[in-house]
Amino acid sequence: MIRKILFVVGALCVSGCAAREVTPTAMSQPGDDALGCDALQQQIAANEKAEAQYRREDKQVENGNVAKGVGSAIPFAGPLIAGSTDLSNEEQVKARALADRNQQLTYLSKQKGCTK
Amino acid sequence: MNSTTIAAVAKLAVAMALLAGALSACATGADPNAMTLQAAATPATKPFPQPLVHAMCVRAVTGGEKTNPLWVSKVDDDGFKTALSTSLDGAGLSASGGTACAYPIDVNLLGLSQPSLGFDMTVTSHVNYKVYDSSGAPFVLATIDAPYTATVSDAFLGVERLKKANEGSIRASIGQFFDKLRDSTPK
């Protein structure tokens, strides 16, 4: 039994609890210069909505990590709980990337003289 | 509970305590020197555009986090700024000695994607670099994802290994940013 538990913990350590792959939205994208005022406005609005959603999810992950941090002090189960902590920062990265993307879209919008 | 079981449970407790100790020593923040791109270590395949030479500076770094010793190693704004500024110095890009900073750089550290456990630890930094020209218009906007893996041979303790992975990832990120600068065409 003990060997089995040690094997599971050992396997966990060897494989590593890798972070999820995160791909943030690029600030500048091909074709940006060709976007018209309506398209820019639509993208900005969609990005704002998605950013707000990611920020909410990020808060939930953060709260979950705090609980797991406390749980990691539990004898025996602690390392397994610690291993389930989500340090990928996926939601934070995506939210911040969208905020920067919108900064660029707003700049382009001003350059084009869009009214909004 | 017989004595064999008690002995086995005690052994398991010791093993778990050793494992926990190995994985969770006090965390320290990333070292700016270790995040700095050494000019000698990266032989330039292509020179930087002439207008950028001695004309750049780091204006602002945001998004970094201070390290909580009870949690995991992070990269803070000041450390990143020092590392990038020193890297610019080494590459001959820093505006210094009375030269004006014609190309300020703003950096937004979007975040670090870190593993929670593991022998080989891969950290990916996600960074937005914004370089502005003399008219204030953005001329390089680079979103860079840079992974770096630290192994047990780099550091035995998990917290130290994670710190090394953070540092390597930022170093790689600065290297990729410099490649973008080499390919840029400043006005």
Side-chain angles (χ1 to χ4, degrees), chain A residues 1-6 9-29 32 58 65-66 68-70 72-101 103-104 107-108 110-111, chain B residues 5 7-13 15-17 19-24 62-63 65 68 70-74 106-130 132 136-145 147 149 151-152 158 161-162 165:
Chain A
M1 175 66 180
I2 290 168
R3 281 184 185 165
K4 277 182 189 168
I5 293 172
L6 284 175
V9 173
L12 195 75
C13 291
V14 172
S15 62
C17 300
R20 274 177 288 157
E21 198 167 305
V22 180
T23 308
T25 304
M27 280 182 290
S28 176
Q29 297 176 12
D32 277 355
D58 183 44
N65 283 345
V66 170
K68 286 170 185 171
V70 173
S72 66
I74 298 170
F76 304 111
L80 293 175
I81 294 171
S84 69
T85 307
D86 182 359
L87 299 177
S88 67
N89 279 316
E90 181 176 10
E91 294 78 12
Q92 175 197 291
V93 168
K94 288 184 171 174
R96 289 179 176 181
L98 286 171
D100 274 357
R101 169 72 177 148
Q103 197 180 38
Q104 170 63 2
Y107 172 80
L108 289 174
K110 278 183 187 162
Q111 290 293 105
Chain B
T5 311
V9 169
K11 278 182 193 170
L12 180 60
M16 295 299 252
L19 179 68
L23 294 173
S24 61
T62 54
E65 283 179 69
N68 176 345
L70 298 176
W71 198 230
V72 292
S73 179
K74 296 284 181 183
D106 287 346
V107 175
N108 188 4
L109 180 50
L110 303 175
L112 300 170
S113 293
Q114 300 172 308
S116 45
L117 283 177
F119 280 152
D120 286 355
M121 289 183 161
T122 300
V123 169
T124 303
S125 59
H126 308 278
V127 184
N128 276 349
Y129 296 89
K130 308 166 201 176
Y132 299 88
F139 98 90
V140 171
L141 293 175
T143 300
I144 295 177
D145 307 311
T149 302
T151 64
V152 178
R161 201 155 61 246
L162 190 64

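Side-chain atoms are counted along with the backbone in the values below, which use heavy atoms only and exclude waters and symmetry mates. Labels below follow one simple rule: chain letters A, B, ... track the order of the sequence lines, proteins then strands, and each chain is numbered from 1.
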(Q) Please classify the contact of Gln104(A) with chain B as side chain, backbone, both or neither, using a heavy-atom distance under 4.5 Å. (A) side chain

Q: Using a 4.5 Å cut-off on heavy atoms from C-beta on, say whether the side chain of Thr124(B) contacts that of Glu21(A).
A: no

Q | Atom group of Leu109(B) that falls short of 4.5 Å from chain A, counting heavy atoms | A | backbone

Q | Main-chain N/O of Leu141(B) paired to Ser28(A) side chain as donor or acceptor, under 3.5 Å | A | no

Q | For the student: nearest non-hydrogen atoms of Asn128(B) and Ala97(A), plus distance | A | ND2-CA, 4.4 Å

Q: Specify which of Ala95(A), Ala26(A), Ala99(A) makes the most heavy-atom pairs with chain B at under 4.5 Å.
A: Ala26(A)

**Q.** Proximal component of Gln103(A), with respect to chain B [non-hydrogen, under 4.5 Å]
**A.** side chain

Q) Looking at residues at least two apart in the chain, or sitting in another chain, which of them share a side-chain contact (heavy atoms from CB on, under 4.5 Å) with Asn89(A)? A) Gln92(A), Val93(A), Lys74(B)

Q: Examine whether an atom of Asp86(A) lies under 4.5 Å from a heavy atom of chain B, and if so say whether it belongs to the side chain, the backbone or both; otherwise answer neither.
A: neither

Q) For the side chain of Ser113(B) and the backbone of Ser88(A), is there at least one donor-acceptor N/O pair under 3.5 Å apart? A) yes

Q. Counting heavy-atom pairs under 4.5 Å to chain A, which of Val152(B), Thr143(B), Leu110(B) comes out on top?
A. Leu110(B)

Q.
Donor-acceptor pair, distance only, cut-off 3.5 Å: does the side chain of Arg96(A) make one with the backbone of Gly111(B)?
A. no

(Q) Please classify the contact of Val72(B) with chain A as side chain, backbone, both or neither, using a heavy-atom distance under 4.5 Å. (A) side chain

(Q) Is Asp145(B) close to chain A through its backbone or its side chain, or both, or neither, when contacts mean heavy atoms under 4.5 Å? (A) side chain

Q: Answer with side chain, backbone, both or neither: which region of Ala137(B) has an atom nearer than 4.5 Å to a non-hydrogen atom of chain A?
A: both

